[in-house]
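In each ligand, atom 1 is the first atom listed, and ligand 1 is the first ligand listed. Each residue takes its place number in the sequence, starting with 1. We use all heavy atoms of the structure for the numbers below, so side chains are in, but hydrogens, waters and symmetry mates are not.
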Amino acid sequence: MPLDRLFSPLALGPAELPNRIVSTAHQTTLVHEHLPTDDFVAYHEARARGGAGLIVLEATAVHPSGLLTSHTLGGYLPQIVDGYRRVAAAVGPHGTRLFVQLLHGGREQIATPPRAPALAPSPVPSPRFRAEPRSASPAEIEELVAGYARCAELAAEAELAGVEVSAAHRYLIEQFLDPDLNLRDDEWRDGSRFLVEVLRAVRSAAPGLALGVRLSADSPRARTIAELAVAEGADYVSLALGDSSTYLGSVGIVPPPPVPEAAVLELLFEAGVPRIATSRMLDVELADRLVGEGRVEALGMTRALIADPELPRKAREGRLAERIGCVGCNACIAHYHAGTPLRCAVNPRTGREARLGPPAADRRRRLVVVGGGPAGIAAAIEAGSAGHEVVLAERQDRLGGQIALTRAAPGGRELAERFLDNAERGLAAAGVDVRLGTEGPEGLEADAFVLATGAKPYRGDEGLTAWDVLSGTIPDGERVLVADWGGDPAGLDAAEVLAAAGKRVTLAVASVGVGELVHQYRRNLYLQRLYRAGVRIVHHHELASGPSLRNVFAPELETPVEADAVVLALGRVPVEAEPPPGARVERAGDCLSPRSLEEAVLEGTLAARRAVA
Ligand SMILES: Cc1cc2nc3c(=O)[nH]c(=O)nc-3n(C[C@H](O)[C@H](O)[C@H](O)COP(=O)(O)O)c2cc1C
């Protein structure tokens with residue numbers, strides 16, 4: 001059998017996993033009143049059915065003061081037992097083990113107002129989420145420890161197989177251990193005491209359950225935490241990356257490309273107990289090799305499973321060609337930060353397991369999809385997989401639309417390649433007749449059409465655009481101004497490409513922040529690369545006639561543009577196509593109004609279902 005090492009069982013204390021693929025804790029926002037919803041149950045059931053060996057349920061608050069958001073599970077609520085039981089009943093028959101992660105964020109609070117008062121070892125404001133905690137009193141600290149114990153007791157009552165204590169991401173437990181954040185002068189000054197007391201309390205409240213500790217492998221406190229955990233009898237450690245409190249540190253929590261795949265591997269260390277390592281592990285063959293070489297005992301493959309819950313089963317059955325690969329766009333965590341239910345940009349069924357069934361056909365129809373960008377590709381795959389006859393007509397000589405364009409830039413390259421790889425395999429498996437260099441819809445016969453003709457740059461006929469740069473046009477002259485509206489990544493990509501071509505680049509951004517439509521972890525890495533490439537960033541300025549740069553807050557402040565060339569990145573407008581008279585027509589994606597990959601794929605999928613219904 002392929003991948004035997006990855007698919008060998010692993011004991012984490014009393015819990016025996018059927019294989020080494022783990023869905024590590026991740027907040028789904030499929031939570032209501034701090035309890036699991038039916039969508040939550042369906043979501044995890046799908047990952048269990050797909051073959052994950054272990055599911056660790058998301059960060060669950062041990063106390064009301066530790067609710068990271070208004071949709072965090074409340075592990076201290078008596079009703080959580082019923083919620084856990086429903087998940088366990090759905091997951092258990094597939095052989096998957098079910099743990100829960102217990103967490104208190106301390107001074108890290110993601111919630112929007114009204115926020116609970118933040119508690120921390122000491123009153124040190126947190127820069128990323130701008131929480132300003134007070135120092136927890138000794139009585140409050142005792143109450144928090146008791147909260148961990150109560151939560152463990154409830155997890156045991158629901159017969160979960162394990163409890164994972166998060167000492168990662170510089171949340172509360174790490175805050176006690178951090179001398180910059182623990183400025184106390186009482187007995188809790190010894191930061192290890194809090195972790196030790198928590199682990200003892202959890203163990204004694206749930207003695208029959210596996211006990212794990214999650215930590216950030218890139219933290220200066222990683223080894224101390226692992227040593228304390230093992231000394232207290234932890235059955236495993238889970239090695240993640242990242243620090244919630246800083247812009248750059250937070251990127252590691254859910255690292256997007258171009259962070260290399262499996263970045264955590266460089267930080268692994270012997271712990272004396274099994275290790276679960278997590279960070280952009282996408283390739284099951286690599287995972288199998290790592291287990292075989294003894295470098296790690298199990299792999300978190302969380303986004304890989306968010307994108308394709310069936311990945312383990314497909315891998316085991318030699319059907320990897322059918323996988324939907326995670327592209328690293330971070331739409332999943334963007335939903336969490338926006339407080340909306342978990343979604344995946346490349347798999348519209350994620351988070352909708354209970355509502356959006358598999359592709360189906362009552363009778364075979366002929367569908368023509370016009371436009372080979374993400375919306376058109378999704379439409380063609382959906383209808384083709386259902387057994388319909390599908391033609392995908394693309395005007396250009398390549399598929400992928402805007403995604404393919406971003407292949408030219410470091411921030412888009414891997415995403416584009418992974419997306420196109422999915423597309424190629426998906427279209428082939430669905431039997432779609434792909435016609436490049438074909439204008440549509442005229443001259444194409446069909447029962448129904450999906451028009452997915454995409455977008456073009458706003459004011460694209462007024463000069464050189466970011467898309468031109470990404471298509472290979474580098475302007476003459478040394479000094480280039482990129483006039484960026486501050487939304488989608490096109491301007492950022494163009495600035496990087498121009499800087500790499502040796503230009504002196506100024507990026508003028510007409511918004512409060514840079515790339516406001518780009519998820520913050522990707523945006524932070526854009527900023528890191530742009531600064532390192534010497535790109536000068538001018539905030540809050542829009543391009544005015546002259547040309548000049550006009551301050552968007554104080555419009556009387558204008559400065560003439562001093563550049564040899566100007567590149568426009570001013571947003572996009574739809575490209576519309578004339579529908580064939582009398583035909584059944586559905587539209588999807590940017591031709592309805594330009595948005596992101598996620599809407600394109602979702603709307604393409606739904607449009608195809610409507611068109612052939
Ligand atoms: C939507 C989302 C929510 C997350 N929430 C948690 C969490 O509750 N607790 C935690 O320890 N890690 C959390 N993480 C981090 C993941 O457990 C994992 O470490 C991270 O996604 C990197 O692994 P991957 O590349 O396999 O996805 C979250 C990740 C995502 C995508």
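- Of the candidates Gln27, Met301, Arg280, His337, the one placing a heavy atom closest to atom 5 (N) of ligand 1 is Gln27.
- At least one heavy atom of Cys332 sits less than 4.0 Å from an atom of ligand 1.
- Between Arg85 and Glu159, no side-chain nitrogen of the basic residue sits less than 4.0 Å from a carboxylate oxygen of the acidic one, so the salt-bridge criterion is not met.
- Remark: Arg529 is positioned above the aromatic ring of Tyr526, its terminal NZ or CZ atom under 6.0 angstrom from the ring centre and at most 45 degrees off the axis.
- Counting protein heavy atoms only, atom 6 (C) of ligand 1 is closest to Ala25 O, 3.1 Å.
- Side-chain N or O atoms of Ser166 include none that pairs as donor or acceptor with a backbone N or O of Arg214 at under 3.5 Å.
- The nearest protein atom to atom 18 (C) of ligand 1, hydrogens excluded, is given as Thr24 OG1, 3.6 Å; this is a heavy-atom distance.
- Side-chain contact, Gln27 with Thr69: no donor N or O sits under 3.5 Å from an acceptor N or O.
- Nearest to atom 23 (O) of ligand 1 by heavy atom, out of Asn330, Leu305, Thr278, is Thr278.
- Within ligand 1, the atoms closer than 4.0 Å to a non-hydrogen atom of Gly300 are 26 (O), numbered from 1 in the order shown.
- Nearest protein heavy-atom contact of atom 19 (O) of ligand 1 is Arg214 NH2, 2.9 Å.
- For His335, no heavy-atom contact with ligand 1 is shorter than 4.0 Å.
- Look at Arg200 and Glu197 and you find no salt bridge, because none of the NZ, NE, NH1 or NH2 atoms lies under 4.0 Å from a carboxylate O.
- For Ser279, every heavy-atom contact with ligand 1 shorter than 4.0 Å involves the backbone, none the side chain.
- A cation-pi arrangement is found for Arg47 relative to Tyr43, the charged atom lying closer than 6.0 Å to the ring centre and inside a 45° cone about the ring normal.
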